[in-house]
Protein chains: 2
Amino acid sequence: MPANRDKKRDPHASLALLWGERDQPRRGPKPKLTVAELTGQGIAIADAEGLDAVSMQRLAEAVGVTTMALYRYIPGKSDLVDLMADAVFVDPPTVTGIPGGWRPQLAAWSRACWDRYREHPWLLAAIGMRRQAMGPHQVAWLDAALAALAPTGLSAKQQHDAVILILGHIRSVTQQLLDHDEAGSQEWDRLTADLLDRNSERFPALTRAVAAGAFAPTDDDPLDFGLTCILDGVAALM
Amino acid sequence: MPANRDKKRDPHASLALLWGERDQPRRGPKPKLTVAELTGQGIAIADAEGLDAVSMQRLAEAVGVTTMALYRYIPGKSDLVDLMADAVFVDPPTVTGIPGGWRPQLAAWSRACWDRYREHPWLLAAIGMRRQAMGPHQVAWLDAALAALAPTGLSAKQQHDAVILILGHIRSVTQQLLDHDEAGSQEWDRLTADLLDRNSERFPALTRAVAAGAFAPTDDDPLDFGLTCILDGVAALM
DNA sequence: CAGTTTCTGCGTACTACATACACAGTTCCT
DNA sequence: AGGAACTGTGTATGTAGTACGCAGAAACTG
């Protein structure tokens with residue numbers, strides 16, 4: 001189920017919810033819950049048991065109401081995931097104070113961003129599950145990164161592209177880490193290595209690379225290689 | 001959704017299927033179908049209607065059997081998706097003949113890879129849905145990319161990292177294109193721009209970037225910026 | 001050739017999930 | 001006081017994936 005696209009969503013309602021622009025109800029019984037509470041519980045469940053464990057029924061149980069009561073607060077599950085994905089990006093880093101200019105600043109930003117992804121392994125799937133909806137916290141992160149690049153001579157478009165490029169790299173690395181940490185990944189690796197071995201003549205370059213240790217586990221920083229490459233490339237634009 | 005992880009899979013069976021290493025049945029009725037046929041039909045459905053449309057029932061209907069008959073050929077849906085994702089990578093490019101060395105060769109490889117992702121928009125979700133399982137065709141692509149980097153002075157590890165980095169970029173760009181092409185994305189963009197406008201003082205750098213046209217649509221090649229940056233960075237390693 | 005084994009396709013059934021709908025009770029506004 | 005707006009709930013629907021067991025078909029065994 002996975003990587004499902006949403007069918008019918010009301011962008012206006014979804015964004016209003018995400019940005020906290022819904023007007024308070026004036027009559028009726030006091031709401032037992034708040035959107036923030038739901039979001040927090042959703043995050044707690046996802047942190048503990050993964051995104052798949054966050055079902056409407058599970059969440060309802062966690063907050064002590066019936067499943068359908070949740071729909072009084074949230075139009076649908078997609079919106080819940082959006083809220084969760086935005087909420088974990090509270091407290092965007094301020095990097096413009098870091099000495100050394102845009103490069104160490106962007107590096108620090110990247111580390112901070114990557115930390116969030118590592119703290120919440122479900123984030124990647126959550127963001128992959130839906131697109132468009134950027135909340136205020138995610139936007140604040142974007143702002144922080146652009147602030148670092150503002151003093152450089154890059155065009156606005158280049159600045160934007162550079163940040164998106166780095167973000168893509170962070171997500172890629174996160175994905176790789178997830179794969180690696182997954183239960184049973186050793187078994188998969190072993191069996192795949194076996195297959196490569198048995199088909200080595202079909203993949204000469206790969207076989208040589210494997211023999212040379214290209215796939216051997218190291219304790220290098222996973223983010224570093226790509227980040228350095230990208231920042232080198234960005235520097236070359238100036 | 002989603003982006004679900006699989007619970008229980010038998011790596012040995014899954015990989016054997018993916019690599020075509022299952023032994024033929026010796027008795028019993030002739031099978032009405034083949035795995036290749038299922039894979040092809042799955043791809044056809046996904047191409048036409050998206051990955052979500054590929055359900056076991058839908059596929060069974062398409063090939064003219066009952067749902068449960070499919071399980072005689074495939075352990076589960078994850079394996080089907082694996083097969084589909086590997087099958088679209090038939091005919092890996094040979095780039096070592098391209099003049100100019102590793103750089104134009106890797107660029108050509110990237111374009112070819114990106115083409116596959118664009119021809120099958122569901123590929124990204126399919127690969128995001130499951131990990132570990134690399135099939136022979138995907139491995140052949142990896143081999144082709146490594147072959148381009150083999151003559152350089154890079155270490156095996158660096159070669160590997162560089163290819164993975166580029167692949168991550170290709171996927172990121174694909175993701176962005178998918179978002180952009182999605183129905184209703186204009187509406188989301190418009191509403192988000194509205195929100196930014198109404199909160200411009202909270203995001204000064206972003207507001208300036210937007211004003212300077214950083215988010216304006218261009219007809220630049222989406223892959224180019226990042227690819228150039230990355231290849232520049234890789235060149236700097238030598 | 002008869003019996004056994006192995007395999008096929010099928011029907012039924014179970015589970016988990018998101019969510020539509022209508023109802024009863026609660027709070028506020030007029 | 002009465003109506004409007006809003007809450008939580010119970011019930012129901014549709015769509016998934018897939019477990020299980022059966023009847024018949026093909027091939028191997030003696």
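Bear in mind that the values here come from a model prediction, so they are computed numbers and not experimental data. Order of the sequence lines fixes the chain letters, A, B, ..., with proteins taken first and strands second; residue numbering starts at 1 for each chain.
- A:R116 and A:D91 are not joined by a salt bridge, as no carboxylate oxygen comes within less than 4.0 angstrom of a charged side-chain nitrogen.
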Donor-acceptor contacts, no H, no angles, side chain residues 192-199 of chain A, under 3.5 Å, sequence neighbours left out:
| residue | atom | partner | partner atom | Å |
| --- | --- | --- | --- | --- |
| A:T192 | OG1 | A:W188 | O | 2.7 |
| A:R198 | NH1 | B:E21 | OE1 | 2.8 |
| A:R198 | NH1 | B:E21 | OE2 | 2.8 |
| A:N199 | OD1 | A:R202 | NH1 | 3.3 |
| A:N199 | ND2 | A:L195 | O | 2.7 |

N/O donor to acceptor pairs below 3.5 angstrom from side-chain atoms of residues 28-50 of chain B, sequence neighbours left out:
| residue | atom | partner | partner atom | Å |
| --- | --- | --- | --- | --- |
| B:T34 | OG1 | B:E37 | N | 3.0 |
| B:T39 | OG1 | B:V35 | O | 2.8 |
| B:D47 | OD1 | B:H120 | ND1 | 2.7 |
| B:D47 | OD1 | B:W122 | NE1 | 2.6 |
| B:D47 | OD2 | B:H120 | ND1 | 3.2 |
| B:E49 | OE1 | B:R58 | NH2 | 3.4 |
| B:E49 | OE2 | B:R58 | NH2 | 2.4 |

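- Counting to the nearest Å, the P atom of D:dA16 and the CG atom of A:D52 are 17 Å from each other.
- We find that OH of A:Y71 is positioned 15 Å from C1' of D:dG10, with the value rounded to whole Å.
- Remark: the backbone N or O of B:G226 is not paired with any side-chain donor or acceptor of A:D161 at under 3.5 angstrom.
- Non-hydrogen atoms lying under 4.0 Å from DNA chain D are contributed by A:V65, A:T66, A:M68, A:A69, all within residues 58-70 of chain A.
- Residues from residues 21-33 of chain B lying near DNA chain D, meaning a heavy-atom separation below 4.0 Å, are B:R26, B:R27, B:G28, B:P29, B:K30 in numerical order.
- In this structure, NZ of B:K77 is placed 11 Å from C1' of D:dT15, rounded to the nearest angstrom.
- Nucleotides of DNA chain C lying under 4.0 Å from heavy atoms of chain B occupy a range whose first and last members, 5' to 3', are C:dT5 to C:dT12.
- Partners of B:D10 by salt bridge (charged side-chain N to carboxylate O under 4.0 Å, His left out), not counting sequence neighbours: none found.
- Under a 3.5 Å cut-off, the side chain of A:S172 and the backbone N or O of A:G168 do form a donor-acceptor pair.
- Side-chain atoms of B:R72 and B:V65, non-hydrogen and from C-beta on, never get closer than 4.5 Å to each other.
- The side-chain heavy atoms of B:S110 and B:I170, taken from C-beta on, include a pair separated by under 4.5 Å.
- Atom C1' of nucleotide D:dG8 and atom CD1 of A:I74 are separated by 15 Å, given to the nearest angstrom.
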Practice prompt. Mind running side chain to side chain contact (heavy atoms under 4.5 Å, CB included) on A:F215 and A:L206 for me, showing each step along the way?
Written response: CA-CA 10 Å; A:F215 291 78; A:L206 182 58; 3.6 Å; yes
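- No side-chain heavy atom of B:P222 sits under 4.5 Å from any side-chain heavy atom of B:Q176.
- We find that OH of B:Y73 is positioned 18 Å from P of D:dT18, with the value rounded to whole Å.
- Two residues are said to be in side-chain contact when any heavy atoms from C-beta on lie closer than 4.5 Å; B:L177 and B:W114 meet this criterion.
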